[in-house]
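If you read the sequence from its start, that first residue is 1, and numbering goes on from there.
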Amino acid sequence: MSTEQNLELVRRYFDEVWNKGNLDTFDELAPDLVSKGYKEFARAQRAALGNFHATVLDLFADKDRVALHWQVNAIHQSDYWGIAATGKVVMFQGISMLRISNGEIVDDFGYWDELTILKQIGATSIPQQASR
C-alpha cells in the first residue's frame with residue numbers, strides 16, 4: 001500500500017473505533033489486534049469514558065508505519081482503574097504508532113497521560129493496575 005493509503009486506513013480505523021464506537025472495524029481492518037485483546041480494551045475504555053471524542057492533532061507516515069498525536073475529550077461514566085464514575089469531564093493526549101501489512105493494521109502501540117486522567121477524576125492515589 002502507498003503511504004497515502006496507509007494514512008487513510010489509520011484515519012478510518014481511528015474514527016470508526018474511537019469516535020463512532022464501531023468495534024467491528026477491528027475485525028475488518030485489524031484482525032491481528034483482536035487476538036491481542038485490543039477490541040476488549042477499546043470496549044472497556046469507551047464504557048468507562050463516555051461521550052468519547054478523539055481528535056487527531058498530527059498524523060504522518062513512512063512506508064508501513066503511521067504515527068499520530070491525538071487528544072481525547074470524554075466523561076468518566078463508569079469504573080476506571082477501580083475509581084467509580086464521577087461524571088467529570090476528562091481531557092488527555094497520547095501518541096500512537098501503527099504498523100500496516102497487506103492492508104491491515106498489525107500493530108498499534110500507544111502512550112497516553114494516564115496520570116492526567118486519574119487527577120481529573122479525583123484519584124487521591126495511583127491505583128495498582130495503573131502503575132504497571
Side-chain angles (χ1 to χ4, degrees):
M1 291 179 66
S2 72
T3 300
E4 192 54 46
Q5 288 171 314
N6 287 344
L7 287 168
E8 186 53 39
L9 176 73
V10 169
R11 276 188 203 100
R12 180 170 171 235
Y13 163 76
F14 197 78
D15 188 50
E16 288 290 328
V17 168
W18 294 109
N19 288 329
K20 296 178 181 172
N22 182 2
L23 302 185
D24 291 338
T25 302
F26 279 105
D27 301 321
E28 177 190 349
L29 303 181
D32 284 354
L33 298 184
V34 173
S35 64
K36 295 176 184 176
Y38 281 61
K39 191 174 189 178
E40 288 310 311
F41 171 77
R43 186 182 326 280
Q45 287 291 102
R46 289 185 51 77
L49 303 174
N51 289 353
F52 198 101
H53 182 75
T55 303
V56 175
L57 303 174
D58 200 9
L59 178 70
F60 64 93
D62 184 27
K63 298 178 182 131
D64 66 339
R65 307 278 177 168
V66 177
L68 60 147
H69 175 209
W70 45 264
Q71 176 176 301
V72 167
N73 292 290
I75 297 173
H76 180 217
Q77 69 181 19
S78 70
D79 185 80
Y80 190 84
W81 292 115
I83 299 167
T86 62
K88 293 182 178 181
V89 173
V90 296
M91 187 280 291
F92 59 99
Q93 292 187 11
I95 295 173
S96 295
M97 295 288 297
L98 296 94
R99 187 169 60 85
I100 315 299
S101 179
N102 298 317
E104 293 179 348
I105 298 167
V106 295
D107 261 328
D108 178 352
F109 190 79
Y111 284 101
W112 57 95
D113 189 356
E114 193 75 53
L115 187 56
T116 291
I117 299 168
L118 293 170
K119 285 180 180 179
Q120 290 175 44
I121 63 176
T124 56
S125 62
I126 299 173
Q128 266 317 101
Q129 309 98 307
S131 64
R132 357 178 207 139

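In this structure, the side chain to side chain contact (heavy atoms under 4.5 Å, CB included) partners of Leu115, at least two apart in sequence or on a different chain, are Asp113, Lys119, Ile126. Annotation: ring pair (Phe, Tyr, Trp, His ring centres under 6.0 Å) contacts of Phe60 (sequence neighbours excluded): none. Gln77 is linked by a side chain to side chain contact (heavy atoms under 4.5 Å, CB included) to nothing, counting only residues two or more places apart in sequence or in another chain. Listed by chain and number, the residues in a salt bridge (Lys or Arg N to Asp or Glu O under 4.0 Å) with Glu8 are Arg11 (sequence neighbours excluded). Every residue two or more places apart in sequence or in another chain that forms a salt bridge (Lys or Arg N to Asp or Glu O under 4.0 Å) with Lys36 is listed here: Asp107. Under the ring pair (Phe, Tyr, Trp, His ring centres under 6.0 Å) criterion, Tyr38 pairs with no residue at all, not counting sequence neighbours. In terms of the side chain to side chain contact (heavy atoms under 4.5 Å, CB included) criterion, residue partners of Val89 (sequence neighbours excluded) are, by chain and number, Ile75. Listed by chain and number, the residues in a side-chain hydrogen bond (donor to acceptor under 3.5 Å, both in side chains) with Trp18 amount to none (sequence neighbours excluded). Every residue two or more places apart in sequence or in another chain was checked for a side-chain hydrogen bond (donor to acceptor under 3.5 Å, both in side chains) with Ser35, and none qualifies. Residues satisfying the side chain to side chain contact (heavy atoms under 4.5 Å, CB included) criterion with Ala61, sequence neighbours excluded, are Thr3, Leu7, Val66.
Residues Leu29 and Val34 share a single hydrophobic cluster, defined by chaining ILVMFWY side chains whose heavy atoms lie under 4.5 Å apart. Under the 4.5 Å side-chain contact rule for hydrophobic residues, Trp81 and Phe41 share a cluster. Following chains of ILVMFWY side-chain contacts shorter than 4.5 Å, one cannot reach Leu23 starting from Val106, and the two form parts of different hydrophobic clusters.
Using the six-membered ring where Trp is involved, Phe92 and Phe52 have ring planes that are perpendicular, over 60° apart on the 30 and 60° scheme. The aromatic rings of Tyr13 and Phe26 stand perpendicular to each other, their planes meeting at an angle above 60°, with 30° marking the opposite boundary.
Counting heavy atoms from C-beta outward, Ile117 and Trp112 have side chains that approach closer than 4.5 Å.
With rounding to the nearest 0.5 Å, the separation of CZ in Phe109 from CZ in Arg99 is 13.0 Å. Annotation: the span from Met91 atom CE to His53 atom NE2 amounts to 13.0 Å, rounded to 0.5 Å. Annotation: the span from Arg46 atom CZ to Asn51 atom CG amounts to 9.5 Å, rounded to 0.5 Å. Note that CD1 of Ile95 is 9.0 Å distant from CG of Leu68, once rounded to the nearest 0.5 Å.
Judged purely by atom type and a 3.5 angstrom limit, Ser78 uses its side chain to pair as donor or acceptor with the backbone of Ala47. Of the possible donor and acceptor atoms, one in the side chain of Asn19 sits under 3.5 Å from a partner among the backbone N and O of Ala54. One N or O on the side chain of His76 and one on the backbone of Ile83 form a donor-acceptor pair closer than 3.5 Å.
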Check step by step if side-chain contact (heavy atoms from CB on, under 4.5 Å) holds for Ile100 and Val10.
CA-CA 9 Å; Ile100 315 299; Val10 169; 4.0 Å; yes
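Screening residues 22-32 for salt bridge (charged side-chain N to carboxylate O under 4.0 Å, His left out), with sequence neighbours left out, gives Arg12-Glu28, Asp24-Lys39, Asp27-Lys39. The salt bridge (charged side-chain N to carboxylate O under 4.0 Å, His left out) contacts involving residues 62-88 comprise nothing, where partners must be two or more places apart or lie in separate chains.
Other residues, nucleotides and ligands place more than 12 heavy atoms under 6.0 Å from the CG atom of Asp58.
When all heavy atoms of Asn22 and Thr25 are compared, the pair lying nearest together is O-OG1, 2.9 Å. The two residues Met1 and Gly103 make their nearest non-hydrogen contact at SD-CA, 2.9 Å.
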